[in-house]
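What follows is a single structure, written as structure tokens, with notes after it.
Every chain is numbered from 1 and lettered A, B, ... according to where its sequence line falls, protein lines coming before strand lines.
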Amino acid sequence: MKALGPDFYDRPVLEVARELIGCTVEHRGAAGVIVETEAYHESEPACHAFVGLTPRTRTLFGLPGRAYVYRSYGVHALLNAVCEPEGVGAAVLIRALEPVTGLDAMRVRRSPAARRGRIGRAPGDHELCSGPGKLTQALGISLGENEGDLASGSVRIGARAAAWLEPNVLEGARIGITRAVDLRWRFCVAGNPHVSRPRPVPGR
DNA sequence: CATGGGATTGACT
DNA sequence: GTCAATCCCATGC
């Protein structure tokens, strides 16, 4: 896998969010192709960086090409790629992957038995990484990966493979936020079963 | 120092 | 559709 360097991320965050579709995320031998992203920028209130530089947002304002991993709802770790020049708070949230490598390990980490005593059925392959909290769990990505280099750290993102050079990308409104809901900064692969719900409606 | 909300998920009604 | 789990940290007193 050919890892993407800082220059790839040192650009407008919307551009990076669109171009990360089809790229590959890898961690500890498990990997998947990005099929859904969302862009966040300090200029709009849904972005953590909107409040300015704090201990929490330090990574967001740091070097492009680093991972920004934070805890959501006290439960899930969410993976972002820091974008734009140092000093600008912006990142792309990785929301869903199509699993490629290490499916067995993903199934184990995503199985009910691997989670606090809950019972339930095993997830299907299309449910392994179909959400931002799911994919970090499937790949074993935790808060310790925050600020890691996406080109040389434990979590890496590689350029599009041959089969993913020209993905059919749909745009839509971002999910699960309460502010700046009008911005259509969500990007998904059309018709891909690994995209999280709700899927964006084509042609809106 | 206390409080409250959040870029979610899965189980249950 | 409803709801709890669970924790970091911003905010306000």
Side-chain angles (χ1 to χ4, degrees), chain A residues 9 13-14 16-18 20-21 25 32 34-62 66-84 88-97 99 106-147 150 155 157 171-188 193-200:
Chain A
Y9 303 93
V13 68
L14 279 175
V16 181
R18 179 178 278 278
L20 274 176
I21 298 290
V25 178
I34 299 172
V35 295
E36 179 180 353
T37 62
E38 284 179 1
Y40 288 86
H41 188 269
E42 62 180 24
S43 62
E44 44 88 15
C47 182
H48 292 168
F50 185 72
V51 298
L53 182 59
T54 67
R56 184 194 197 192
T57 61
R58 184 173 52 92
T59 307
L60 269 176
F61 286 96
R66 300 302 183 99
Y68 170 48
V69 184
Y70 75 97
R71 189 170 297 289
S72 171
Y73 290 90
V75 182
H76 308 284
L78 268 53
L79 172 67
N80 301 250
V82 176
C83 295
E84 310 219 4
V88 178
V92 174
L93 171 66
I94 312 298
R95 282 193 60 89
L97 305 177
M106 292 188 194
R107 289 189 193 101
V108 169
R109 284 189 284 252
R110 289 275 298 132
S111 73
R115 322 179 41 203
R116 298 162 302 149
R118 296 279 191 185
I119 50 171
R121 77 194 202 300
D125 285 356
H126 65 287
E127 297 171 309
L128 287 177
C129 299
S130 57
K134 295 177 183 178
L135 72 91
T136 54
Q137 184 183 34
L139 296 196
I141 295 172
S142 62
L143 297 190
E145 262 72 41
N146 185 42
E147 219 167 9
L150 292 172
V155 178
I157 300 182
E171 302 174 11
R174 295 176 295 182
I175 304 297
I177 55 172
T178 56
R179 293 173 291 186
V181 294
D182 50 310
L183 297 176
R184 298 171 63 79
W185 285 9
R186 182 190 186 203
F187 303 92
C188 306
H194 304 276
V195 169
S196 70
R197 304 205 163 176
R199 311 255 178 77

Next on the checklist: Given a 3.5 Å cut-off on both pairing distances, which stems involving DNA chain B, each at least three consecutive Watson-Crick or G-U pairs, are present, if any?
Outcome noted: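 Stems for DNA chain B, defined as runs of 3 or more consecutive pairs: B:1-6 with C:7-12, B:8-12 with C:1-5.
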Gap between atoms [atom1] and [atom2], on [X] and [N] respectively (whole Å):
{"X": "A/N80", "N": "B/dG6", "atom1": "CG", "atom2": "C1'", "answer": "14 Å"}
{"X": "A/R110", "N": "B/dA11", "atom1": "CZ", "atom2": "P", "answer": "10 Å"}
{"X": "A/H48", "N": "B/dA7", "atom1": "NE2", "atom2": "P", "answer": "5 Å"}
{"X": "A/E36", "N": "B/dT8", "atom1": "CD", "atom2": "P", "answer": "10 Å"}
{"X": "A/L183", "N": "B/dA7", "atom1": "CG", "atom2": "P", "answer": "14 Å"}
{"X": "A/L60", "N": "B/dA7", "atom1": "CG", "atom2": "P", "answer": "12 Å"}
{"X": "A/H41", "N": "B/dA7", "atom1": "NE2", "atom2": "P", "answer": "17 Å"}
{"X": "A/R197", "N": "C/dG1", "atom1": "CZ", "atom2": "C1'", "answer": "15 Å"}

Next on the checklist: Can you check the distance between C/dT6 and B/dC12, where both ends of the measurement are the P atom (answer in whole Å)?
Outcome noted: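 These two P atoms come out 15 Å apart once rounded.
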Next on the checklist: Using the P atom as the point on both nucleotides, what is the distance between B/dG5 and C/dC3, in whole Å?
Outcome noted: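 Between the two P atoms, the distance is 16 Å.
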Applying salt bridge (charged side-chain N to carboxylate O under 4.0 Å, His left out), can you list everything that pairs with [X], at least two apart in sequence or on another chain?
{"X": "A/E145", "answer": "none"}
{"X": "A/R66", "answer": "none"}
{"X": "A/R58", "answer": "A/E147"}

Going by the rule side-chain contact (heavy atoms from CB on, under 4.5 Å), which residues pair with [X] if we only count those two or more places apart in sequence or in a different chain?
{"X": "A/A138", "value": "A/M106, A/R110, A/C129"}
{"X": "A/A17", "value": "A/T37, A/A39, A/V92, A/F187"}
{"X": "A/S43", "value": "A/H41"}

Checklist entry - For the base of B/dA7, is there a side-chain donor-acceptor partner from A/H76 under 3.5 Å away? => result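 Donor-acceptor pair under 3.5 Å: no.
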Checklist entry - What is the nucleic acid contact for A/I177, judged by heavy atoms within less than 4.0 Å: base, sugar-phosphate only, or nothing? => result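 The residue A/I177 makes sugar-phosphate contact but no base contact.
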Checklist entry - With a non-hydrogen cut-off below 4.0 angstrom, is A/R95 in contact with a base, only sugar-phosphate, or nothing? => result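 Sugar-phosphate contact only - A/R95 comes under 4.0 Å of backbone atoms but never of a base.
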Next on the checklist: Determine whether A/E127 and A/K134 satisfy the following criterion, salt bridge (charged side-chain N to carboxylate O under 4.0 Å, His left out), listing intermediate values before the conclusion.
Outcome noted: CA-CA 8 Å; A/E127 297 171 309; A/K134 295 177 183 178; 5.8 Å; no
Next on the checklist: Assuming nearest nucleotide by heavy-atom distance, tell me which of A/K134 and A/G176 is located more 5' along DNA chain B.
Outcome noted: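 Its nearest nucleotide lies further toward 5', so the answer is A/G176.
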Checklist entry - Once each nucleotide of nucleotides 7-13 of chain C is scored for protein heavy atoms under 4.0 Å, what B/S/- sequence comes out, 5' to 3'? => result B-SS---
Next on the checklist: Using the ring-ring contact (aromatic ring centres under 6.0 Å, His included) criterion, which residues pair with A/F50? Sequence neighbours excluded.
Outcome noted: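 None.
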Next on the checklist: Whether the side chain of A/R95 engages the backbone of A/C188 through a donor-acceptor N/O pair (distance < 3.5 Å, no angle test) should be reported.
Outcome noted: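 Not confirmed, A/R95 side chain does not pair with A/C188 backbone.
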